[in-house]
Amino acid sequence: MARVAGWPSVWGVRDGLLNRQGVERATVGATAALKTHNLLQMVVVIVLTRGESRRPWLELAAAAVFAVSGVVLLVAAFRAQRLPRAAVAVDVVVAVSVLLLAPLFQSVDPSQPWIDWPLFVAFLVAAEASACFSAVQASAATLCLMGSASSWLVWGSLPAASRQMIFASFVPFVAFAAVSYVFLHYLRRLAALADARAETIRMLEEERTRRVLHTPYRLLNDLAQMLRAEGDREGAQPTSQARLAEAVASALEIESIVRGTDPASSNVAADLQRLRDQFVDLPMIMNLEDAGVSLPPEAVYRIREAVRSALQNVRLHAQATEVVVYASADRSSWVVSVHDDGRGFDATGQRGVGLSQLVVAALEEIGARVRIESTPGQGTLIEISGDHEWTMDLAPASSS
Amino acid sequence: MDDGSRPRVVVVDDHPVIATGLTCLVPQIEVVASFSTVEDFLCAPPSPADVVLLDLQLDADLRAGPTQPIMGTAAIRRLLEQGKGPVVVYTAIAEEMLLAACLAAGAMGAVTKNAPGATIAEVIRIVAQGNMWVDPAIAGALRRYAQRRHAGALSPQQANALRYRGQGLKQQAIADKIGVSDPEVVYRYLKSAVQKIADLDGGEATEANGKHAGAHIDEVAQRSGLSSGLVRWTDLQTRPDRSTRRRR
């Protein structure tokens with residue numbers, strides 16, 4: 001689902017309303033607003049006209065049933081995140097019943113046509129039916145509501161102004177129902193098209209990534225085979241062995257990306273061990289504590305890439321006689337470091353040297369902290385640390 | 001050793017070429033004598049040495065012989081008992097727990113044969129000054145070992161010194177991290193950490209329960225398959241006289 005920047009993060013709206021589910025959520029939201037407005041208006045009318053009703057107990061009972069039906073509908077709609085048909089059907093039946101009973105309790109005051117609350121609350125019920133029923137069902141529901149409203153004309157001894165108002169109410173019944181039906185079906189169709197296009201674009205992008213990565217993957221594989229053959233023929237030097245291991249590791253990583261699998265495990269120590277073969281040309285000590293720390297593979301991948309980047313930098317620039325890769329953890333945090341005793345640099349003047357800003361930013365995205373300490377002639381310490389959820393107890397490693 | 005002069009080193013190695021090679025590889029040291037076995041060294045007239053560089057395996061030419069030469073931790077203990085030292089282990093075996101066992105037996109440093117000349121020179125210089133050299137790999141192994149078997153036994157400063165050494169930091173950087181003004185204190189923390197871990201193992205040992213000092217270190221080293229016969233528990237059972245200094 002597309003994330004829309006700037007949208008409020010209420011009820012998942014931050015994820016956008018640009019799909020079918022979003023249209024249903026928006027419908028529920030609009031219905032909730034209109035229903036609340038309807039019920040409040042009903043309460044106001046009943047309070048203002050108290051004493052004028054022919055049968056106050058009947059009016060209150062009708063209003064209470066209608067209110068309960070409305071609340072049940074909204075609760076069910078919020079839970080299902082769409083208008084539930086059963087609850088809407090109940091609401092239609094309740095509205096029809098209220099309209100049929102209205103002549104028995106409604107006061108007759110030609111100067112106050114707005115007091116006919118059973119009529120105006122039924123417009124929204126017609127719209128609800130159109131929002132979730134088929135065209136035939138929605139039309140039937142609207143006709144039922146209109147027919148029930150006509151009961152006033154049959155049984156009520158209404159003045160001319162009230163009769164005109166009831167006739168006039170047929171227009172909003174039809175209008176609410178028709179506009180809701182057409183507008184929502186249009187939105188649903190639009191959202192379905194958007195969903196279909198998003199899926200198509202995703203599949204095309206995946207296919208494109210596969211094709212783009214296929215060539216370097218094949219080339220790296222070829223390169224690795226050539227290096228291996230050359231090494232077998234001439235006796236492999238540490239540097240060429242390291243480059244070969246690096247090429248093979250890169251090929252494997254590209255393969256994992258193409259296949260959509262994780263390019264790393266969730267064990268930091270085990271993953272860092274895999275770098276050993278790629279840097280056999282460096283005087284490297286690996287002090288890795290296999291303490292059962294489990295991090296998300298994405299985090300482990302970024303840590304490993306940062307360490308690899310640091311080691312590549314040591315290889316190119318540091319002229320070190322000793323490089324130590326260190327990993328340790330306690331119950332709440334972990335630390336990974338790379339220390340070399342090489343040339344060092346002025347860390348105050350050249351922030352980021354040794355570990356590109358891109359790598360640092362990738363680490364900070366997973367909540368890790370990066371500290372770089374270096375002095376010219378005194379070597380360099382790059383320390384990456386973070387907090388973690390402890391997933392296993394400290395267990396003795398299998399060796400040492 | 002006088003300040004500014006090269007440390008004088010006696011090499012005990014069953015391959016004589018090593019002594020010759022060291023002279024070329026590490027010009028910062030002076031190889032004053034070399035011997036093929038510890039027995040030869042002990043029988044020879046005293047050499048004015050600051051450090052004894054001891055190969056851990058000394059049986060290259062004698063494997064078929066009727067008697068096994070003294071070697072491993074037994075060689076370290078014998079040298080210390082005879083007042084020869086301080087001892088730096090110089091070995092092709094890069095098994096950190098085996099090297100840790102050598103420190104527990106009384107060696108003041110351990111360096112592998114694939115270490116660059118500058119590192120060998122630094123180790124010898126530091127040991128000749130009376131300090132203990134703890135390699136980062138050994139520091140890491142000892143820290144892991146201490147956490148599993150003796151959690152909380154080390155003082156915070158000892159544990160931190162061991163941790164930062166395990167990260168690869170040097171003396172001054174560790175001093176800055178743990179907040180001590182005198183960098184020499186770092187060596188004392190490292191040395192006391194090693195000795196405390198060795199002593200803790202010794203504390204569990206009695207003849208009656210069949211355990212012995214350094215038993216676990218020995219066990220780990222044995223299990224690695226690299227050190228069979230090189231670590232002898234009796235060498236770890238009692239503290240050697242670590243104050244043994246060079247004889248001129």
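Convention: sequence-line order gives letters A, B, ...; per-chain numbering from 1.
When heavy atoms are compared at a cutoff of 4.5 Å, A:Val335 approaches chain B solely by way of its side chain, counted from C-beta outward. At a 4.5 Å heavy-atom cutoff, the contact between A:Glu383 and chain B is made by side-chain atoms alone. Heavy atoms closer than 4.5 Å to chain A are found in the side chain of B:Arg143, but not in its backbone.
We find the CD1-CD1 distance between B:Ile138 and A:Ile285 to be 9.0 Å, quoted to the nearest 0.5 Å.
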### Task
Start with the C-alpha distance between A:Glu322 and B:Glu122, add both sets of side-chain angles, then the distance that settles side-chain contact (heavy atoms from CB on, under 4.5 Å), and finish with yes or no.
CA-CA 12 Å; A:Glu322 182 183 275; B:Glu122 189 180 2; over 6 Å; no
### Message
Quick one, B:Gln167 with A:Leu381, criterion side-chain contact (heavy atoms from CB on, under 4.5 Å). Give me CA distance, side-chain angles, the key distance, then yes/no.
### Response
CA-CA 9 Å; B:Gln167 275 189 285; A:Leu381 172 69; 4.2 Å; yes
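Distance alone, capped at 3.5 Å, is enough to place a donor-acceptor pair between the A:Asn287 side chain and the B:Pro136 backbone.
Of the listed residues (A:His339, A:Met286, A:Gln378), the greatest number of heavy-atom pairs within a distance under 4.5 Å of chain B belongs to A:His339.
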